[in-house]
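All remarks here apply to the structure that follows.
Small disclaimer: the values here were computed from a predicted structure and weren't measured.
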Amino acid sequence: MKKRIVNVLSQKRDQYTTLTSLQNEFVKHLVRLREDNKYRNESKRALIAGKKIVTEVSKVVVPHSVLFGPNAEELQVQPSTSIFKVTPEIMKKVTGLVEPEPYAAEVPLPSYNEQDVISSSKRILVLDAIKDPGNMGTLIRSAFGIGWDSCVLLGDCVDPFNFKAISSAKGASFALPIIKIRTLDEMAKIIAGSKPRTVLSFVSTPNSKIGEKNYEQLIYQGIFPQPLPPQNRWKNPPLLLLTLGNESHGVSEVNQNSKLFPSAPLTIEMKRTNPGGSINVASAGAILMQSLYRAIPE
């Protein structure tokens, strides 16, 4: 069925509510969604802001509520439960931004079945205890944009629906299936319970060095003992995993002992021209995902 799209600014006055008080309970609720991970997960809702993000996310889910400010322009979204016109002061309080765009929305958190996600994926980005919301959002955005199928969060990762993470992901958090699993061994059990296929596992950690070798050559020559078979030689499409470790400590010890951790792991330090420079996990992850995308057939 084709989704109906409405312009929130074309609604008649009796079709939206005007909010002017910073002490309004709904305003406080939205602030808690932004600030409190536990409250957000219990409510199964998240706060998003900005015209592009609200528009993109509204293509995937139906917002519970949409907020627009006095300077808002046309905003196309799916019909929402509630529409609110708010003051600039309320928009600042809700978003926590000094100069926010006059658009925000309260949206449902997506929910997925672990087995279904893994069974239907050919390329999975695995993140182990990523702590920075900016890195989390950028990695999710890159994974979705490059064409990876899903993302698995291991251990104590930052919440991908943290307000800053959503902003960095530019709405991709709601389009790319994201599931949480405690360890690589638990993930291995789920994989074993799905259709039989070859698993190609790659690991990148900030604690390693490869000298002067080119990282892309290492990807294709260091992991596979022989060239990949032609597309028509695969019995079943393989499952490609790329695991990225914590920004400071790399892949956790419990996951280094997993059967999904390669016996000859791909550990990479990007070649740098400036000795004092570095490449963070979000940048390295994007480079690796783009390079590895070609490792398995479509």
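Counting all heavy atoms, side chain and backbone alike, S168 lies closest to G134 at OG-CA, 3.5 Å. When all heavy atoms of S173 and P160 are compared, the pair lying nearest together is OG-O, 3.8 Å. Residues L47 and A104 approach most closely at CD1-CB, 4.5 Å, considering heavy atoms. Residues S194 and S119 share a closest heavy-atom pair of CB-OG, 3.1 Å. Heavy-atom minimum distance, G245 versus I130: O-CD1, 3.3 Å. The shortest non-hydrogen separation linking P100 to M91 is CG-CG, 3.8 Å.
Without hydrogens or angle criteria, S21 side chain to Q23 main chain gives a donor-acceptor distance under 3.5 Å.
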Original post:
side chain to side chain contact (heavy atoms under 4.5 Å, CB included) between Y16 and V66: does it pass, once the steps are laid out?
Top reply: CA-CA 10 Å; Y16 64 80; V66 172; over 6 Å; no

**OP:** Give the intermediate values and the outcome of side chain to side chain contact (heavy atoms under 4.5 Å, CB included) for residues L139 and M289.
**Re:** CA-CA 10 Å; L139 284 163; M289 281 188 281; 4.3 Å; yes

**OP:** Given side chain to side chain contact (heavy atoms under 4.5 Å, CB included), test S120 with D116 step by step and report yes or no.
**Re:** CA-CA 6 Å; S120 62; D116 292 344; 5.6 Å; no

**OP:** Kindly determine whether I191 and I118 satisfy side chain to side chain contact (heavy atoms under 4.5 Å, CB included), including the steps that lead there.
**Re:** CA-CA 7 Å; I191 293 172; I118 290 177; 3.7 Å; yes

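Cluster annotation: M136 and L288 are assigned to the same hydrophobic cluster (Ile/Leu/Val/Met/Phe/Trp/Tyr, side-chain heavy-atom contacts under 4.5 Å, transitive). The same ILVMFWY cluster, assembled from side-chain heavy atoms under 4.5 Å apart, contains both I146 and F144. Cluster annotation: L109 and L30 are assigned to distinct hydrophobic clusters (Ile/Leu/Val/Met/Phe/Trp/Tyr, side-chain heavy-atom contacts under 4.5 Å, transitive).
With L241 as the fixed residue, the side chain to side chain contact (heavy atoms under 4.5 Å, CB included) test singles out one of V199, L125, V152: V199.
In this structure, CZ in R45 is found 5.5 Å from NE2 in H29, a value given to the nearest 0.5 Å. Atoms CG and CG, on L242 and L127 in that order, are 8.5 Å from each other to the nearest 0.5 Å. Atoms CG and OG, on L67 and S65 in that order, are 6.0 Å from each other to the nearest 0.5 Å. The CG atom of N24 sits 5.0 Å away from atom CG of L19, with the distance rounded to the nearest 0.5 Å. With values rounded to the nearest 0.5 angstrom, N246 atom CG is found 8.5 Å from C157 atom SG. I190 CD1 to E114 CD: the interatomic distance, rounded to the nearest 0.5 Å, is 4.0 Å.
A search for side-chain contact (heavy atoms from CB on, under 4.5 Å) contacts involving L22 returns E89, I90, K93, not counting sequence neighbours. Shown here are the side-chain contact (heavy atoms from CB on, under 4.5 Å) partners of P177, two or more places apart in sequence or in another chain: Y112, V117, S150.
Between K92 and L97 there is no side-chain heavy-atom pair separated by less than 4.5 Å. Taking 4.5 Å as the limit, every side-chain heavy atom of I124 sits out of range of all side-chain heavy atoms of L240. Side chains of E106 and I48 form no contact here, defined as non-hydrogen atoms less than 4.5 Å apart. Put simply, the side chain of V94 does not reach to within 4.5 Å of the side chain of V86, judged on heavy atoms. Contact of the I53 side chain with the Y103 side chain is not registered, since no non-hydrogen atoms from C-beta on lie closer than 4.5 Å. The shortest side-chain heavy-atom distance between T243 and L184 falls under the 4.5 Å cut-off. Inter-residue side-chain proximity for R40 and N162 is flagged as met; some heavy-atom pair is nearer than 4.5 Å. No side-chain heavy atom of L33 sits less than 4.5 Å from a side-chain heavy atom of F163.
Taking a 6.0 Å sphere around NZ of K180, one finds it holds more than 12 heavy atoms contributed by other residues, nucleotides or ligands. K28 NZ: more than 12 foreign heavy atoms inside a 6.0 Å radius.
Legend: side-chain hydrogen bond (donor to acceptor under 3.5 Å, both in side chains) pairs involving residues 128-141, not counting sequence neighbours, sorted by first then second residue: D128-S252, D128-N255, K131-D156, N135-E247, N135-N280.
Between K51 and E101 there is no salt bridge, since no side-chain N of the basic residue sits under 4.0 Å from a carboxylate O of the acidic one. A salt bridge between K189 and E186 is absent, with no side-chain N of the basic residue lying under 4.0 Å from a carboxylate O of the acidic one.
Residues F174 and F161 place their aromatic rings such that the two centres sit under 6.0 Å apart.
Classified by interplanar angle (parallel below 30°, tilted 30° to 60°, perpendicular above 60°), the ring pair F26/F84 is parallel.
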